[in-house]
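Here the structure comes first, spelled out in structure tokens, and everything after it is commentary.
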Amino acid sequence: MTMTQPSNFKLLTNETAIDLTKKLGLLHSDDSLLCNEIGDGNLNYVFHVTNPVTNKGVIIKQAVPYAKVLGESWPLTLKRSAIEANALIQFRSYCPELVPQVYYSDEQLAITVMEDLSHLKIARTGLIEGDHFPLLSKHIGEFVAKTAFYTSDFHLEPAAKKEVARNFTNPELCKITEVFIFTDPFLEEHPGEFELELLEAAKSIWKDADLILEVAKLKQSFESEQEALLHGDLHTGSIFASDTETKVIDPEFAFYGPVGFDLGQYMANLLFQAVTREATGKEEIFTHLQEFWNTFEETYTNLWNSENKSPYSKIEGYLPYVLNKFKGDAYGFAGCELIRRTIGLSHVADLNGIENKKTRITAKTATLKIGAHIIKNRKELNIPAVIEAVKQYTLPSYSAL
Ligand code: SR1
Ligand code: MG
């Protein structure tokens, strides 16, 4: 199928990416510059322009009018590029250390020119390779707490918040989540791609009426709650990290939604590591999970106590009620993410990279079971209980729940 592209839209090439960098006066443009297309994501092209003399670079990201991974039959608005640039700018205003700088954006060409982060590693890749990233989960806890608080009704005036929410209306990217996280993996008639050996485990998900009801409630929450401006795709592939630095990238799925969604996406993607690692490696991920939640809760609580504009902010029980809701939602959304990345679209390298088939199927069966368990029990869980569930489903010395 041939897509009609918006009239002003033109795909960049390495040459035109260099021309743009020069036109913007970036990278001492008198020198000759180099460019590589390095995009390995599902939706965009990414050009890395470098100056070999100064060793400095910039990233130019361009969205195309369809989802690369789904093909031209799944058209997508180019507006997501402006949403991404604006979300980066907004998030950076709350967390300057944790978000790359945007130098330039062009809505017509769907281009964002931003800080080069090539000295860092994608967190998913690093975690798979055994990097420790000791500050990663504290940084992401801080990122979610600040973005969730500062974009909510607890901080913004009601009219201002509604205006921001309008600017971040993102129906096409939300539809990807609604279909591929909350619908297809849970319905037998829309099977995703997965190994035949997982069919029985998949069937037990499709037949579990209690589970499907809970997924329906979570989908409803995703579609209808406007608690805060979310990143919308906060998995470990959307984060660059080193031992000292963390940068959140790729907020093209940004929209106003339930805070637990960002929390849950990050936790689920840590859980893939918790499932696949040996016992001592698991402990390191359990520490990440606990530090993530602790930092989120502490940062959010401090902001609530010092900057909450609601007339009810000091009412006893209100903050615990809000945090408790976020927590229950987070485990529910995390469970959906665990299941969709296993039997739905867009699998993760944490699982698919396991070469031994038997080990891979065992790990995937565990993520399905943990996913279902944390969705159904989400309102009673805390981090130690989630850790216990991971151990029960993955360590031979434990028996399955
Ligand atoms: C069609 S895009 C597939 C997935 O990639 C993105 O990172 C999102 O997670 C989306 O669900
Ligand atoms: Mg992405």
Side-chain angles (χ1 to χ4, degrees), residues 3 37-47 59-88 91 99-100 102 110 112 114 117 120-125 140 143 170-186 190 192-194 215 218-219 222-223 230-241 247-255 257 261-272 333-352 367 371:
M3 288 290 307
E37 202 283 313
I38 55 166
D40 62 354
N42 293 325
L43 302 174
N44 308 293
Y45 290 91
V46 180
F47 297 87
I59 292 295
I60 304 180
K61 185 166 174 181
Q62 185 173 40
V64 288
Y66 55 88
K68 252 165 86 184
V69 69
L70 298 169
E72 298 196 3
S73 60
W74 189 288
L76 274 186
T77 170
L78 293 175
K79 194 186 166 215
R80 70 184 190 279
S81 174
I83 287 195
E84 172 167 347
N86 292 336
L88 285 171
F91 292 153
V99 181
V102 171
T112 308
M114 66 186 112
L117 301 174
L120 306 175
K121 225 188 240 184
I122 286 290
R124 185 186 308 286
T125 311
I140 300 300
F143 172 84
N170 199 355
E172 293 180 351
L173 280 285
C174 285
K175 183 179 169 190
I176 290 179
T177 304
E178 286 150 11
V179 171
F180 295 113
I181 297 189
F182 293 112
T183 310
D184 284 3
F186 297 95
H190 299 285
E193 267 191 20
F194 55 84
V215 172
L218 288 159
K219 184 174 187 226
F222 179 87
E223 290 166 336
L230 308 188
H231 177 283
D233 197 25
L234 193 56
H235 56 84
T236 48
S238 298
I239 301 167
F240 271 109
K247 302 276 184 192
V248 175
I249 59 164
D250 273 5
E252 67 203 307
F253 284 73
F255 78 113
F261 188 74
D262 275 357
L263 293 166
Q265 289 257 301
Y266 182 67
M267 288 199 283
N269 283 275
L270 284 179
L271 286 170
F272 290 121
F333 292 129
C336 296
E337 171 77 348
L338 286 175
I339 292 171
R340 82 88 178 219
R341 298 264 188 204
T342 310
I343 56 168
L345 181 84
S346 205
H347 291 191
V348 285
D350 314 56
L351 294 172
N352 275 15
T367 61

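Order of listing sets the numbers, starting from 1, for every ligand and every atom in it.
The pair K61-D250 counts as a salt bridge, with a side-chain nitrogen and a carboxylate oxygen less than 4.0 angstrom apart.
Among residues two or more places apart in sequence or in another chain, the side-chain contact (heavy atoms from CB on, under 4.5 Å) test is passed with S81 by A63, A110, T112. By the side-chain hydrogen bond (donor to acceptor under 3.5 Å, both in side chains) test, T236 is found to be paired with R124, residues two or more places apart in sequence or in another chain being considered. Residues meeting the side-chain hydrogen bond (donor to acceptor under 3.5 Å, both in side chains) test with K79, sequence neighbours left out: none.
Note: F261 and F333 have perpendicular aromatic rings, judged against thresholds of 30 and 60 degrees for the angle between ring planes.
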Could you check ligand 1 for N or O atoms lying under 3.5 Å from protein N or O atoms and list the pairs with distances?
| from | atom 1 | to | atom 2 | distance (Å) |
| --- | --- | --- | --- | --- |
| ligand 1 | 5 (O) | N42 | ND2 | 2.8 |
| ligand 1 | 7 (O) | D233 | OD2 | 2.5 |
| ligand 1 | 7 (O) | H235 | NE2 | 3.4 |
| ligand 1 | 9 (O) | D233 | OD1 | 2.7 |
| ligand 1 | 9 (O) | R340 | NH2 | 2.9 |
| ligand 1 | 9 (O) | R341 | NH2 | 3.2 |
| ligand 1 | 11 (O) | R340 | NH1 | 2.8 |
| ligand 1 | 11 (O) | R340 | NH2 | 3.4 |

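Using modelled atom types, one finds no donor on one side chain facing an acceptor on the other under 3.5 Å when comparing Q62 with N44.
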